[in-house]
Amino acid sequence: MGAGTTAGGSARAAGEAMRALLRLRVALRGEDLAAISALEALRDELGAADLAALSRETVWEIEIAGDAPVMARALERLQSAARESLLFANPVKERWTLEEGPLRLGRAGVGRCLVGLLVRDRPDRAGPACARALATDWEIAGAAVRRDTLWILDLPDTGRDAAAARARALGVTTARRSGLLVNPHYQDWEIVLEDVVNDARAV
Amino acid sequence: MRRVAVLQLPGSNCEWETARVCRAVGLDAEVFRWTRAPRDLLAFDAAIIPGGFAFEDRVRAGAIAAKLPIVEAVAEMAAVGKGVLGICNGAQVLVEAGLVPGTTPGAVEMALAPNAGGRGGYDCRWVRVAPHPRARRSILTAALEPNEILPMPIAHGEGRFTARDGERLLGRLEESGHVLLRYVDESGDPDAGIATNPNGSLGGIAALCGAGGHVAAVMPHPERSSWLFQVPAECGAPWGGRRRAARDAASLDAPGPGRRLFESLRAFLEDQ
């Protein structure tokens, strides 16, 4: 990690409008104490003995539009911003990847299932602030940026629907004894399964 | 004398000064560590969750602490009508635990979200609060005059009372007297915008209570304005004038505006 894949897209003629949806994922290099505390609270206080692991990343979703030369320049500058500034990640303590395509959660163990819970503050103040910084400091104009926290829950493989329901029950706070990772009164959330984004915001 | 437990959670940092103000108003206060047996808490007449950063605000402010067995004991105290007060981080814990506003028992009905409006982020400054005209008698308002304006400091990054069905809930809470304190300007006007509402809180809410008035959450820090020496000299009338007029140690040790909330706590507990 640290360098990233490039959003290529198919070659198109100059002048033809393109759009790229990129994802810059940032994770701590060392132990994530927030994730450890959350895992312990879920297991010890909310009875989540079936939760084998819990990890956390910051996900910057960046949408860039323009013709081919504009896109190429923007992608180059985005990588520079990630590599040379602290806008997205502090390289001393964090690592990052730049990717496109479906959000990947990693490889689950035998009999296990990884479920993602994407969480976004409402309003998202960081995304627009990042877009302004990209425009003023890195000459990437018109980018739409949003900032999410991605929790990845390692659960028993009981089928996609059951795993998603279990992640929702553990993640979305509805009562003192139910849910920890999202407060839906000011946060939006989505359940993510490999290759599928299940828009399940309604509690 | 009423017994008050001031909880020390991992990350609390206001427990000793909170206990000190409790003693100053005639309460028997004891700092109670979260590692003690939760059932010991039930021997007290009230519990206060003080300010700080329980569990370093990991996940969200108050979220992990709200799941602790000790907070389950606090919920038991609330259920039998004992006093429960959360100050700043303690308020965040009570909201995340579903104890405030508590219109549906156990349900988390609100959030204390990141500050909005202004520059956002962590904000540490003096503000003014006043009782809502419809505020019910509660552990924070029992001793207050209707139009009393109380300056006190805030120190939080997540102090915006909000809810998914915000305006509708606000109407219900105001109607039922759950809204205890609002941010106001020097004249007592709650509608002066970001200059008075420092975090974009729904309806300018600074403090809320649950049904019965014995469970309350307040975001400003009354324990940091409970002596006159804590009040800034440039504070508006009347507290700033009193502060400027205080010339010796004895005068500076006089009660400050925040103590009025602890006097309410004592008055409420003594009437129970």
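Quick note on labels: first sequence line is chain A, next is B, and so on, each numbered from 1.
- With a 4.5 Å cut-off on non-hydrogen atoms, N183(A) touches chain B through its backbone and its side chain both.
- Taking all atoms of both residues into account, the shortest heavy-atom contact from I64(B) to S37(A) is CD1-CB, 3.6 Å.
- Interatomic distance, M152(B) CE to M219(B) CE, rounded to the nearest 0.5 Å: 13.0 Å.
- In summary, of the residues considered (E158(B), Q92(B), E96(B)), a side-chain hydrogen bond (donor to acceptor under 3.5 Å, both in side chains) with R60(B) occurs for E96(B) alone.
- With W60(A) as the aromatic partner, R147(A) meets the cation-pi criteria of under 6.0 angstrom to the ring centre and within 45 degrees of the ring axis.
- With a threshold of 4.5 angstrom between heavy atoms, L46(A) approaches chain B through side-chain atoms but not through N, CA, C or O.
- Here the CG atom belonging to L39(A) is positioned 13.0 Å from the CZ atom belonging to R56(A), to the nearest 0.5 angstrom.
- When each of R136(B), R134(B), R168(B) is paired with E175(B), the salt bridge (charged side-chain N to carboxylate O under 4.0 Å, His left out) condition holds for R134(B) and for no other.
- Taking CD1 of I140(A) as the reference point, atom CG of L75(A) lies at 8.0 Å (rounded to 0.5 Å).
- Between the CZ atom of R176(A) and the CD atom of E45(A) there is a distance of 12.5 Å, given to the nearest 0.5 Å.
- By a heavy-atom distance cut of under 4.5 Å, not one residue of residues 44-56 of chain B is near chain A.
- Of the two parts of V119(A), neither the backbone nor the side chain holds a non-hydrogen atom closer than 4.5 Å to a non-hydrogen atom of chain B.
- Using a 4.5 Å cut-off between heavy atoms, T149(A) does not touch chain B at all.
- Residue R122(A) touches chain B through both its backbone and its side chain, counting heavy-atom pairs closer than 4.5 Å.
- Chosen from P114(B), P105(B), G166(B), the residue pairing most often with chain A at heavy-atom distances under 4.5 Å is P114(B).
- Between the side chains of H156(B) and N199(B), at least one donor N or O lies within less than 3.5 Å of an accepting N or O.
- Contacts of A113(B) with chain A are made by both backbone and side-chain atoms, with heavy-atom separations under 4.5 Å.
- At a 4.5 Å heavy-atom cutoff, E40(A) makes no contact with chain B through either its backbone or its side chain.
- Between the CG atom of L153(A) and the SG atom of C113(A) there is a distance of 10.0 Å, given to the nearest 0.5 Å.
- Only the side chain of A41(A) comes within contact range of chain B, judged by heavy atoms closer than 4.5 Å.
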